[in-house]
There are 4 protein chains.
Amino acid sequence: MAGKGRPRSESTEKAILNSAHTLVADHGFQAVTIEGIAKHAGVSKATIYKWWPNKAAVVADSFFKTLKEQYPVPDTGSVIEDLVIQISNLSTFLASDEGRIIRELIAEGQSDSDVAEAYQSRYFSPRREVSRTILERGVERGEMKSGLNLELCVEMIYAPLFYRLLITGEGIDEAFLRNVVSCVLKGLGAL
Amino acid sequence: MAGKGRPRSESTEKAILNSAHTLVADHGFQAVTIEGIAKHAGVSKATIYKWWPNKAAVVADSFFKTLKEQYPVPDTGSVIEDLVIQISNLSTFLASDEGRIIRELIAEGQSDSDVAEAYQSRYFSPRREVSRTILERGVERGEMKSGLNLELCVEMIYAPLFYRLLITGEGIDEAFLRNVVSCVLKGLGAL
Amino acid sequence: MAGKGRPRSESTEKAILNSAHTLVADHGFQAVTIEGIAKHAGVSKATIYKWWPNKAAVVADSFFKTLKEQYPVPDTGSVIEDLVIQISNLSTFLASDEGRIIRELIAEGQSDSDVAEAYQSRYFSPRREVSRTILERGVERGEMKSGLNLELCVEMIYAPLFYRLLITGEGIDEAFLRNVVSCVLKGLGAL
Amino acid sequence: MAGKGRPRSESTEKAILNSAHTLVADHGFQAVTIEGIAKHAGVSKATIYKWWPNKAAVVADSFFKTLKEQYPVPDTGSVIEDLVIQISNLSTFLASDEGRIIRELIAEGQSDSDVAEAYQSRYFSPRREVSRTILERGVERGEMKSGLNLELCVEMIYAPLFYRLLITGEGIDEAFLRNVVSCVLKGLGAL
DNA sequence: AGATAAGCGAGACGGTACGTCTTGTCTTCTT
DNA sequence: AAGAAGACAAGACGTACCGTCTCGCTTATCT
């Protein structure tokens, strides 16, 4: 734990991430430049390049570090209700101005696997885990049959959300989500 | 109404689109530049800008014009089989090197609505229409109940495909597609 | 002389050379940057780099193109007078603010042989030639003996000038120059 | 009053000067950086900046401290021979790889008066003093007339050397130096 | 001995310029 | 007109040094 040399400045790091976040939220990922982030943060470009390899990495970091804590896992006693609440929260966020960032990160992830890895592990995995927990709780409670392919179940519930967000751009309302959830549970024979 | 002056050169347009396609296929969307396309096509940059507003437009055009004709609509007599065949063809293509282009166009579409509009109307709509036809044929045949929300049905069948392609990057095999299709049809009460 | 493509803009070139000259005259060679020249000239950096390889080349060009015509070759009938007049003019210029530029170019020339070549051929050679002409005229006139090593003569007359300018920094007055010229002519047995 | 605190490390100073000298000898003044010297010497940049104001100061110091002792003052009994020997030694050194450093320092001196002052007082003055001594000895010996302007004499002997080194780049041989020396002595009426 | 003070290596940092690259527009000549 | 050639302004790229700044450690002198 040598710790030689001047230690990294926390305030600088924060300034960079805050600036990145602000700028991307205001102008979109494409329009933001490292140079712009540096200027906005009152920081040297070299300092940014020292700690992050490229714009996507800074923005990803800024996004994930700034993220508010997750919503609490809903627990109404009904699997369908719980799932609808959770996914509804998620989709509200993803459709928001703030959420535009992650849509743009997903876009970036198509050609930068580091970014893809980042949103997978830092964003989606934890959220999928919550859905899984809800499902497992339903099985324990006897509300749902056991022996289901829960992975597939989660996947099919999340998929239409992203399909609308990324491909068709259609709006997402609770009725749609409710339809999706009940269709998947019925279709997999859970109910 | 021919118009005065020298007419637009067809060979030039072809050269541009071919070059765009080749270069994107070889190096990826991000790495390709208008300048590169112009050089590769032996064409002036200004000529490209005259007919397309930006790189994405050229690449989109090159992609859709180069596209081979669609597979014939499958007709085995079974809705599930037909759907699985169709989606399987689609997913095979999307997962291929060639298909990487459309994944990158989807990425680009997150911040360029013209591109989004383009792949919607020129690529996905026709394919969704095929699926819809298959479903309608099933209803006519009495294989499926009538009165279903076919839009939702198509959406839920396509969604997991793109979810894997764009978000998780997981591979797609026929078993997965078969699961998805039967789950959706069952879930919506079609069978 | 094909002349394809947009021709090089004369006004741009002039703006660059003028800016380079102004800035170097005002702030010195070291303090001037390509970026600064570009900004001052209202020109893109790339345009400068397109036509000159580096700062020294631009400055050298700007210096030599801006140079007023030479003083007329003096012709008083006396070799000594003529030489003193010519060298005096030269040294007055070299010691001036304007002349600081060429002193700095000579400095640059120590590590950039292109620059060295430039001031040799574009500045000093023509001036040495004038001195040589004066000497030759003296020989023709019978004022000086023939058979002298004129090269050496010119060299020894110019040398003390640069010695003071570059090494000792001492001022140069007419008396000094007169001493030098008469010493050299006497020393080489010209008189 | 030795002073409190850890004393300046001699080995560090030596390492810095040695590195500066080596690097400048190998790559030239322009290509050398403080950062490079620090790295090569295994020393902190801040330590260099603590004791020297800039690169030129370090290099000047390194050059003058590393300098071998001067050649002994020649004493053949002939002023011309002594002068030729001395100047020949000097010019051989200045034309060498090692001597390139001082040429580059002279260049630097055009825009940094501290450097100019340094080579004046630490390098050229002592050498001019030697020439002066030779001349005075000649006067004492009766080999030369007295009442001469010795300053001018020394100046005119040194000048052609530097003129060739710095301006024309021409080589310097003994014959040339002999010509110069005898011309000057004759020209000033010393002989 | 303990306190005090400076020297020093390591390395972060803001700043500035580098030289390159691409964009989108323009000007000229050719077809 | 259409188009190739290519100049151009604009501005970001990622790199390199500059000179300054913490750090923590070392090495002395002075209580």
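Side chains are part of it too, since the values below use all heavy atoms of this structure and drop only hydrogens, waters and symmetry mates. Chain naming here is simple, since letters A, B, ... match the order of the sequence lines and numbering starts at 1 in each.
For A:Arg8 and D:Ala41, each mapped to the nucleotide of DNA chain E holding its nearest heavy atom, the one lying further toward the 5' end belongs to D:Ala41. Mapping A:Ser44 and C:Glu35 onto DNA chain E via the closest heavy atom, the residue that lands nearer the 5' end is A:Ser44. If you find the closest nucleotide of DNA chain F to B:Val43 and to D:Pro53, the one lying nearer the 5' end belongs to B:Val43. Both C:Thr47 and A:Arg6 lie near DNA chain F, and the one whose nearest nucleotide falls closer to the 5' end is C:Thr47.
Panel note: side chain A:Thr22, backbone A:Asn18; a donor-acceptor pair is recorded below 3.5 Å. Judged by distance alone, the side chain of D:Ser96 and the main-chain N or O of D:Gly99 form a donor-acceptor pair under 3.5 Å. Between the side chain of B:Lys55 and the backbone N or O of B:Val32, at least one donor-acceptor pair lies under 3.5 Å.
For the pair A:His27 NE2 and F:dG11 C1', the interatomic distance rounds to 16 Å; values are reported in whole Å. Going from atom CD1 of C:Ile48 over to atom P of F:dA9 covers 9 Å, rounded to whole Å. What separates CD of A:Gln30 from C1' of E:dT23 is a distance of 14 Å, to the nearest Å. The separation between D:Lys55 atom NZ and F:dA16 atom C1' is 13 Å, rounded to whole Å. What separates CD1 of C:Ile37 from C1' of E:dG19 is a distance of 14 Å, to the nearest Å. Atom-to-atom, CD of C:Glu10 to P of E:dT27 comes out at 16 Å; the value is rounded to the nearest Å. Distance, B:Lys14 NZ to F:dA2 C1': 18 Å, rounded to whole Å. Between the P atom of E:dC18 and the NZ atom of C:Lys39 lies a distance of 11 Å, rounded to the nearest Å.
Contact check, C:Ser9 against E:dT27: no side-chain N or O comes under 4.0 Å of OP1 or OP2. In terms of phosphate contacts, B:Trp51 brings no side-chain nitrogen or oxygen within less than 4.0 Å of OP1 or OP2 of F:dA2. Listed pair A:Thr12 / E:dG14 meets the phosphate criterion, a side-chain N or O lying under 4.0 Å from OP1 or OP2. Phosphate contact (OP1/OP2 of F:dC13, side-chain N/O of A:Lys45, threshold under 4.0 Å): absent. Residue D:Ser11 has no polar side-chain atom (N or O) positioned under 4.0 Å from OP1 or OP2 of E:dC8.
Among the nucleotides E:dT23, F:dG14, F:dT29, the one closest to the side chain of B:Ile34 is E:dT23. With F:dT20, F:dA2, E:dG15 as the candidates, the nucleotide lying closest to the side chain of D:Tyr49 is F:dT20. Closest to the side chain of C:Pro7, out of E:dT16, E:dT28, F:dG6, is E:dT28.
Looking at heavy-atom distances under 4.0 Å, B:Gly36 makes no contact with the nucleic acid at all. Using a 4.0 Å heavy-atom distance criterion, C:Ala46 is classed as a base contact.
Looking at heavy atoms from C-beta onward, C:Gln110 lies out of side-chain contact with D:Phe29 at the 4.5 angstrom threshold.
In this model, a donor atom of one side chain and an acceptor atom of the other lie less than 3.5 Å apart for C:His40 and C:Ser19.
For A:Asp26, the CG atom counts as densely surrounded, since its 6.0 Å shell holds more than 12 non-hydrogen atoms of other residues, nucleotides or ligands.
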